[in-house]
**Q** 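Dropping a structure here in structure tokens format, bear with me for questions.
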Amino acid sequence: MAAAGAPDGMEEPGMDTEAETVATEAPARPLNCLEAEVAAGAAAAEESCAARGSLQPAPAQPPGDPAAQASVSNGEDAGGGVGKELVDLKIIWNKTKHDVKFPLDSTGSELKQKIHSITGLPPAMQKVMYKGLVPEDKTLREIKVTSGAKIMVVGSTINDVLAVNTPKDAAQQDAKAEENKKEPLCRQKQHRKVLDKGKPEDVMPSVKGAQERLPTVPLSGMYNKSGGKVRLTFKLEQDQLWIGTKERTEKLPMGSIKNVVSEPIEGHEDYHMMAFQLGPTEASYYWVYWVPTQYVDAIKDTVLGKWQYF
């Protein structure tokens with residue numbers, strides 16, 4: 001019994017119609033790869049998927065792939081110089097050289113920021129020089145900086161400024177002054193040249209360990225700092241001290257004398273060397289040598305306003 005349907009070698013009615021329908025409806029919905037493979041074969045499906053963008057995208061290169069990083073500029077160190085023209089610089093500060101790549105179209109102000117990041121030197125304390133002082137508002141290209149250029153930097157960090165010691169000469173002066181304070185006055189060179197002359201022949205007699213009021217006559221037979229003879233006259237009624245030498249007599253108001261200092265002469269403690277301070281510093285001292293010790297306290301009290309009538 002023959003089966004119902006088309007005879008062998010003949011297509012069933014409607015098969016062409018279905019194929020045509022599939023072909024006609026295909027554009028209405030994009031086929032996926034599997035459908036395309038079934039409908040038109042693997043080769044046609046691949047071509048169709050590629051045309052419609054249905055193929056899977058190529059996997060991204062792994063992050064560590066050198067090829068993925070090949071486009072990164074080494075100008076990144078110079079402050080984001082990606083894609084910019086860089087120039088090789090030698091930045092010299094504090095006897096130290098720093099090799100830097102820096103964008104040629106960056107300004108002097110930006111260069112100072114870069115120097116700050118390298119050295120710690122604040123921009124405000126920098127002097128940056130290339131054939132003169134580098135302007136902050138001009139680019140390196142404008143001032144014609146070339147590759148291999150040496151950029152000189154002058155300046156001190158805040159820590160350097162705070163760490164600055166006392167100048168050497170000032171420190172030496174302080175040390176000398178301190179040494180002079182410890183050393184007896186009579187051993188200091190400026191006094192030795194007078195004291196080495198010895199005791200004056202007409203010096204007034206001294207009384208060791210005694211205190212006496214001022215005599216009514218001038219104190220005489222003493223030397224001044226130049227080794228000349230000097231006498232002291234106390235004019236109490238005029239509130240003056242007269243310092244007399246062979247050349248002239250200085251009449252000084254007692255109130256103008258700032259201080260009076262004295263020290264026993266080594267080996268001759270019954271005599272003192274004495275200074276009257278005539279100005280604001282020790283440089284104004286007027287020195288007198290071989291003052292009898294019994295008058296030292298009376299002289300100080302009289303000149304400094306502590307004297308009284310006996």
Side-chain angles (χ1 to χ4, degrees), residues 170-200 202-310:
Q172 289 176 342
Q173 291 177 2
D174 291 343
K176 185 176 181 180
E178 188 65 25
E179 183 180 350
N180 288 341
K181 288 180 181 178
K182 296 178 181 178
E183 185 180 24
L185 292 172
C186 60
R187 294 184 186 176
Q188 295 178 18
K189 185 176 180 179
Q190 61 172 326
H191 304 303
R192 286 294 349 151
K193 63 182 182 181
V194 178
L195 295 175
D196 286 347
K197 294 179 65 174
K199 187 187 301 183
D202 56 347
V203 67
M204 297 180 68
S206 66
V207 181
K208 188 175 182 179
Q211 292 184 6
E212 297 183 6
R213 63 182 181 179
L214 293 175
T216 56
V217 298
L219 298 178
S220 59
M222 300 172 291
Y223 290 138
N224 60 17
K225 62 180 179 180
S226 61
K229 287 294 186 66
V230 65
R231 62 183 180 276
L232 302 177
T233 304
F234 297 89
K235 295 289 186 177
L236 302 182
E237 66 282 1
Q238 299 176 27
D239 197 25
Q240 292 180 346
L241 169 61
W242 292 7
I243 302 178
T245 63
K246 183 179 180 180
E247 292 79 19
R248 63 177 184 274
T249 298
E250 296 286 345
K251 300 180 179 181
L252 305 174
M254 298 286 190
S256 68
I257 301 174
K258 310 299 182 184
N259 196 18
V260 181
V261 297
S262 69
E263 181 182 287
I265 297 174
E266 195 172 46
H268 301 275
E269 283 73 13
D270 49 342
Y271 288 94
H272 279 226
M273 48 187 291
M274 177 175 286
F276 301 94
Q277 185 176 340
L278 307 181
T281 66
E282 294 183 5
S284 64
Y285 279 1
Y286 187 97
W287 286 97
V288 177
Y289 304 86
W290 303 102
V291 179
T293 188
Q294 68 270 24
Y295 300 130
V296 169
D297 288 341
I299 291 172
K300 290 181 180 179
D301 290 346
T302 299
V303 172
L304 299 177
K306 299 177 182 179
W307 62 273
Q308 55 182 338
Y309 295 102
F310 293 98

**Q** Any side-chain heavy atom of P218 sitting closer than 4.5 Å to one from W242?
**A**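 Side-chain contact under 4.5 Å: no.
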**Q** Can you name the closest pair of heavy atoms from P205 and P292 and give their distance?
**A** O-CB, 3.8 Å
**Q** Could you report the tightest heavy-atom contact between G279 and K258, atom names first, then the distance?
**A** O-CG, 3.3 Å
**Q** What closest approach, in Å, do L304 and N259 show between heavy atoms, and which atom pair accounts for it?
**A** CD2-CA, 4.0 Å
**Q** Between atom CE of M254 and atom CG of L236, what is the distance when rounded to the nearest 0.5 Å?
**A** 5.5 Å
**Q** Tell me whether K199 at atom NZ has more than 12 heavy atoms from other residues, nucleotides or ligands lying less than 6.0 Å away.
**A** yes
**Q** So how far is it from M222 CE to M274 CE, rounded to the nearest 0.5 Å?
**A**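 Interatomic distance, M222 CE to M274 CE, rounded to 0.5 Å: 9.0 Å.
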**Q** Looking at every heavy atom in both K300 and S262, which two are closest together, and how far apart are they?
**A**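 The pair with the smallest heavy-atom distance is NZ-OG, 3.1 Å.
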**Q** Looking at L195 and Y289, what are the two nearest heavy atoms and their distance?
**A** CD2-CD2, 3.8 Å
**Q** What residue pairs, at least two apart or across chains, pass salt bridge (Lys or Arg N to Asp or Glu O under 4.0 Å) with a residue in residues 263-277?
**A** R187-E266
**Q** Apply the test side-chain contact (heavy atoms from CB on, under 4.5 Å) to residues D202 and K229: give CA-CA distance (whole Å), side-chain angles for both, the deciding distance (0.1 Å), then the verdict.
**A** CA-CA 10 Å; D202 56 347; K229 287 294 186 66; 2.9 Å; yes
**Q** Could you give the distance from OH (Y271) to OG1 (T293), rounded to the nearest 0.5 Å?
**A**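 Answer for the OH-OG1 pair, Y271 versus T293, is 10.0 Å.
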**Q** Might you confirm whether atom NZ of K197 has over 12 heavy atoms from other residues, nucleotides or ligands at distances under 6.0 Å?
**A**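 Counting neighbours around NZ of K197, more than 12 heavy atoms of other residues, nucleotides or ligands fall under 6.0 Å, so yes.
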**Q** With distance as the sole test, does Q294 use its side chain to make a donor-acceptor pair with the main-chain N or O of V207 at under 3.5 Å?
**A** yes
**Q** Just verifying a value: how many Å separate K251 NZ and T233 OG1, rounded to the nearest 0.5 Å?
**A**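 Reported to 0.5 Å precision, the distance equals 10.0 Å.
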**Q** To the nearest 0.5 angstrom, please state how far the OH atom of Y295 sits from the OG1 atom of T302.
**A** 12.5 Å
**Q** Go through the steps to decide whether V288 and I243 satisfy the test side-chain contact (heavy atoms from CB on, under 4.5 Å), and finish with yes or no.
**A** CA-CA 10 Å; V288 177; I243 302 178; 5.6 Å; no
**Q** Which of parallel (below 30°), tilted (30 to 60°) and perpendicular (above 60°) describes Y285 and W287?
**A**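 Perpendicular: the ring planes of Y285 and W287 meet at over 60°.
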**Q** Return the CD to OG distance between Q240 and S256, rounded to the nearest 0.5 Å.
**A**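 With rounding to 0.5 Å, CD (Q240) is 9.0 Å from OG (S256).
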**Q** Name all pairs fulfilling the ring-ring contact (aromatic ring centres under 6.0 Å, His included) condition that reach into residues 244-269, sequence neighbours left out, sorted by first residue then second.
**A** H268-W290
**Q** Show the numbers, then the answer: is there a side-chain contact (heavy atoms from CB on, under 4.5 Å) between Y286 and V230?
**A** CA-CA 11 Å; Y286 187 97; V230 65; 3.8 Å; yes
**Q** Considering non-hydrogen atoms only, spot the tightest contact between R231 and T249 and give its length.
**A**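 Scanning both residues completely, I find the closest heavy atoms to be NH2-OG1, 3.9 Å.
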